[in-house]
A.B. asks: 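Before we start, here is the structure in question, set down as structure tokens.
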Amino acid sequence: MQIFEIKNMKMLKEFEGQFSSEIINALKKTDREMFVQDAVRHHAFNINALPMSGEQWISSPLTVAKMTSYLLARDVEGVCEADSVLEIGLGSGYQAVVLSHLIRRVFSIERIQALWEEARVRIAKLGITNINIKLDDGMSGWAAYAPYDRILLSACADSIPASLFNQLSDNGVLVAPIYCGESQGKSQKIIRFIKRGSNITEQILESCEFVPIKPGISRNTK
């Protein structure tokens, strides 16, 4: 057993009984220290979110476990098996790597070039071959490999564009943080959408706090 797995096991004791063994094992296999900035590396195995470059955050292990559980949707009858997943918001790559231990094909889009480049190096160092990433505006999706059995938004949106629902498999699942309420009192909720033919149903799961989704591509400046 590697050192990071021992540290993960200690961290994951706080989650005992909350998540399936498959999710706990996926988190245990993922060395979180590889995904955090040097300045906060000593906090890598705490359960808190941590800052990254580009004014972004690496989600806490608890948030990653929750989003993964909601996405797999083992508690929902009639959904398709998760063979492919599209993630909107690659960030550090931590969530994508956790998903790579659970789902055969992982596709992830990042709009910030610096983060995309850093994540690409991390994934290559880990030798993971079932993650495909690209630099783009994620809200357009990735039509070339659609449909996806699962779609996950790792940042908060005002709504889900039709283009993403169009790229979701029949009986597929989309999980996203969504702004709810009036402009003066907006809150964020994690919502799970199920696509059944032309019908989209939704389930509000819990309150949350994610960075907002932004449009376009943020390229490196010289």
A.B. asks: Measure the CD-CD1 distance between Gln188 and Ile191 for me, rounded to the nearest 0.5 Å.
C.D. replies: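 The distance works out to 11.0 Å.
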A.B. asks: Please check if any side-chain donor atom of Glu117 sits under 3.5 Å from a side-chain acceptor atom of Asn220, or the reverse.
C.D. replies: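 Yes - a donor-acceptor pair under 3.5 Å links their side chains.
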A.B. asks: Do Arg32 and Phe4 form a cation-pi contact, if we require the NZ or CZ to be under 6.0 Å from the six-membered ring centre and within 45 degrees of the ring's axis?
C.D. replies: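 So Arg32 doesn't make the cation-pi contact.
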A.B. asks: Which atoms form the tightest heavy-atom contact between Phe165 and Lys195, and what is the distance?
C.D. replies: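 Heavy-atom minimum between the residues: O-NZ, 2.9 Å.
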A.B. asks: From Leu115 CG over to Arg120 CZ, what is the distance, rounded to the nearest 0.5 angstrom?
C.D. replies: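 Output value for this atom pair is 13.0 Å.
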A.B. asks: For Trp142 and Gln167, work out which heavy atoms get closest and say how close.
C.D. replies: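 Where Trp142 meets Gln167 most closely, the heavy atoms are N-OE1, 2.8 Å.
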A.B. asks: Is the closest side-chain heavy-atom distance between Leu153 and Ile151 below 4.5 Å?
C.D. replies: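 Counting from C-beta outward, Leu153 and Ile151 do come under 4.5 Å.
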A.B. asks: Take Ile3 and Asp31 through the test side chain to side chain contact (heavy atoms under 4.5 Å, CB included) and record every step on the way to the result.
C.D. replies: CA-CA 9 Å; Ile3 292 175; Asp31 183 358; over 6 Å; no
A.B. asks: Just so I know, are the side chains of Cys80 and Arg150 near enough to count as touching, which here means a heavy-atom distance under 4.5 Å?
C.D. replies: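 Yes, at least one pair of side-chain atoms sits under 4.5 Å.
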A.B. asks: Within this structure, what is the CG-CG distance for the pair Asp136 and Leu90, rounded to the nearest 0.5 Å?
C.D. replies: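 Here the interatomic distance stands at 12.5 Å.
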A.B. asks: For a side chain to side chain contact (heavy atoms under 4.5 Å, CB included) check, start with the C-alpha distance between Asn25 and His101, then their side-chain angles and the critical distance, and finish with the verdict.
C.D. replies: CA-CA 9 Å; Asn25 287 335; His101 299 310; over 6 Å; no
A.B. asks: Would you check, one step at a time, whether the test side chain to side chain contact (heavy atoms under 4.5 Å, CB included) holds for Lys214 with Ile112?
C.D. replies: CA-CA 10 Å; Lys214 295 182 180 180; Ile112 300 174; over 6 Å; no
A.B. asks: Looking at Arg104 and Asp83, is there a salt bridge between them, counting it only when a charged N and a carboxylate O are closer than 4.0 Å?
C.D. replies: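 Looking at Asp83 and Arg104, the cut-off is met.
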A.B. asks: I'd like to know whether Gln95 forms a side chain to side chain donor-acceptor pair (under 3.5 Å) with Thr68, so could you lay out the CA-CA distance, the side-chain angles of the two residues, the decisive distance to 0.1 Å, and finally the verdict.
C.D. replies: CA-CA 8 Å; Gln95 174 76 78; Thr68 302; 2.9 Å; yes
A.B. asks: Ignoring hydrogens, what is the shortest heavy-atom contact between Phe35 and Arg122? Give both atom names and the distance.
C.D. replies: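 In this case the closest contact between Phe35 and Arg122 is CA-NE, 3.6 Å.
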A.B. asks: Using a 4.5 Å cut-off on heavy atoms from C-beta on, say whether the side chain of Ile217 contacts that of Gln113.
C.D. replies: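 Gln113 does not reach Ile217 side chain to side chain.
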A.B. asks: Group every Ile, Leu, Val, Met, Phe, Trp and Tyr by side-chain heavy-atom contacts under 4.5 Å, then state whether Val76 and Leu99 land in the same group.
C.D. replies: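 Looking at the clustering, Leu99 is in the same group as Val76.
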A.B. asks: Are the side chains of Val79 and Arg196 in touch, meaning some heavy atoms are under 4.5 Å apart?
C.D. replies: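 They are in side-chain contact.
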A.B. asks: Kindly say whether Ile194 contributes a backbone atom to a donor-acceptor pair with the side chain of Asn199 at under 3.5 angstrom?
C.D. replies: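 It does not hold such a pair.
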A.B. asks: Is it the case that the side chains of Ser154 and Glu87 hold a donor-acceptor pair, with the cut-off being a distance below 3.5 Å and no angle test?
C.D. replies: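 Judged by distance alone, the side chains do pair up.
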A.B. asks: Please check if atom CD in Glu209 has more than 12 non-hydrogen atoms from other residues, nucleotides or ligands closer than 6.0 Å.
C.D. replies: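 Atom CD in Glu209 is not packed in, count stays at 12 or less.
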A.B. asks: Do Glu206 and Tyr70 have a side chain donor and acceptor closer than 3.5 Å?
C.D. replies: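 Their side chains do contain a donor-acceptor pair, which is all the 3.5 Å distance test asks for.
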A.B. asks: How far apart are the closest heavy atoms of Asp149 and Ser169, and which atoms are they?
C.D. replies: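 Heavy-atom minimum between the residues: OD1-OG, 3.0 Å.
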A.B. asks: For side chain to side chain contact (heavy atoms under 4.5 Å, CB included), just list the numbers for Arg105 and Ile131, CA-CA rounded to whole Å, side-chain angles, deciding distance to a tenth of an Å, and then say yes or no.
C.D. replies: CA-CA 6 Å; Arg105 296 182 299 145; Ile131 299 177; over 6 Å; no
A.B. asks: Does Ile109 share a hydrophobic cluster with Val85, counting links as ILVMFWY side-chain heavy atoms below 4.5 Å and allowing steps through other members?
C.D. replies: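 No, it is not one cluster - the side chains of Ile109 and Val85 are not joined through contacts under 4.5 Å.
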A.B. asks: Quick check on the hydrophobic clustering: are Ile88 and Ile200 connected, directly or via other members, by side-chain heavy-atom contacts under 4.5 Å?
C.D. replies: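 Both belong to a single hydrophobic cluster.
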A.B. asks: Working to the nearest 0.5 Å, report the span between SG of Cys156 and OH of Tyr179.
C.D. replies: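 Here the rounded value is 4.5 Å.
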A.B. asks: Check whether any side-chain heavy atom of Val173 sits under 4.5 Å from a side-chain heavy atom of Val175, and report yes or no.
C.D. replies: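 They are in side-chain contact.
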A.B. asks: Kindly say whether Arg192 contributes a backbone atom to a donor-acceptor pair with the side chain of Gln203 at under 3.5 angstrom?
C.D. replies: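 Here the side-chain-to-backbone pair does not exist.
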A.B. asks: Tell me the closest heavy-atom pair linking Met139 and Ser159, and the distance in Å.
C.D. replies: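 Where Met139 meets Ser159 most closely, the heavy atoms are CE-O, 3.7 Å.
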A.B. asks: Roughly how far apart are Ser100 OG and Leu102 CG, rounded to 0.5 Å?
C.D. replies: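 The OG atom of Ser100 sits 8.0 Å away from the CG atom of Leu102.
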A.B. asks: Can you confirm whether Leu72 sits close enough to Ile23 that some side-chain heavy atom of one is under 4.5 Å from a side-chain heavy atom of the other?
C.D. replies: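 They are in contact (side-chain heavy atoms under 4.5 Å apart), so the answer is yes.
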A.B. asks: Can you name the nearest heavy-atom pair linking Arg111 to Pro215, along with the distance?
C.D. replies: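 Minimum heavy-atom separation between Arg111 and Pro215: NH2-O, 3.2 Å.
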A.B. asks: Does any N or O in the side chain of Asn8 come within less than 3.5 Å of the main-chain N or O of Thr30, such that one atom is a donor and the other an acceptor?
C.D. replies: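 Yes, the answer is positive, given that a donor and an acceptor are paired below the 3.5 Å cut-off.
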A.B. asks: A side-chain contact here means heavy atoms from C-beta on lying under 4.5 Å apart; do Ile178 and Lys189 qualify?
C.D. replies: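 Contact flag for Ile178/Lys189 side chains = no.
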A.B. asks: Do Glu14 and Leu62 touch side chain to side chain, with heavy atoms closer than 4.5 Å?
C.D. replies: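 Side chain of Glu14 against side chain of Leu62, heavy atoms only: no contact under 4.5 Å found.
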A.B. asks: Quick one: pull up CD1 in Ile24 and NZ in Lys29 and give me the separation to the nearest 0.5 Å.
C.D. replies: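 If we round to the nearest 0.5 Å, Ile24:CD1 and Lys29:NZ are 13.0 Å apart.
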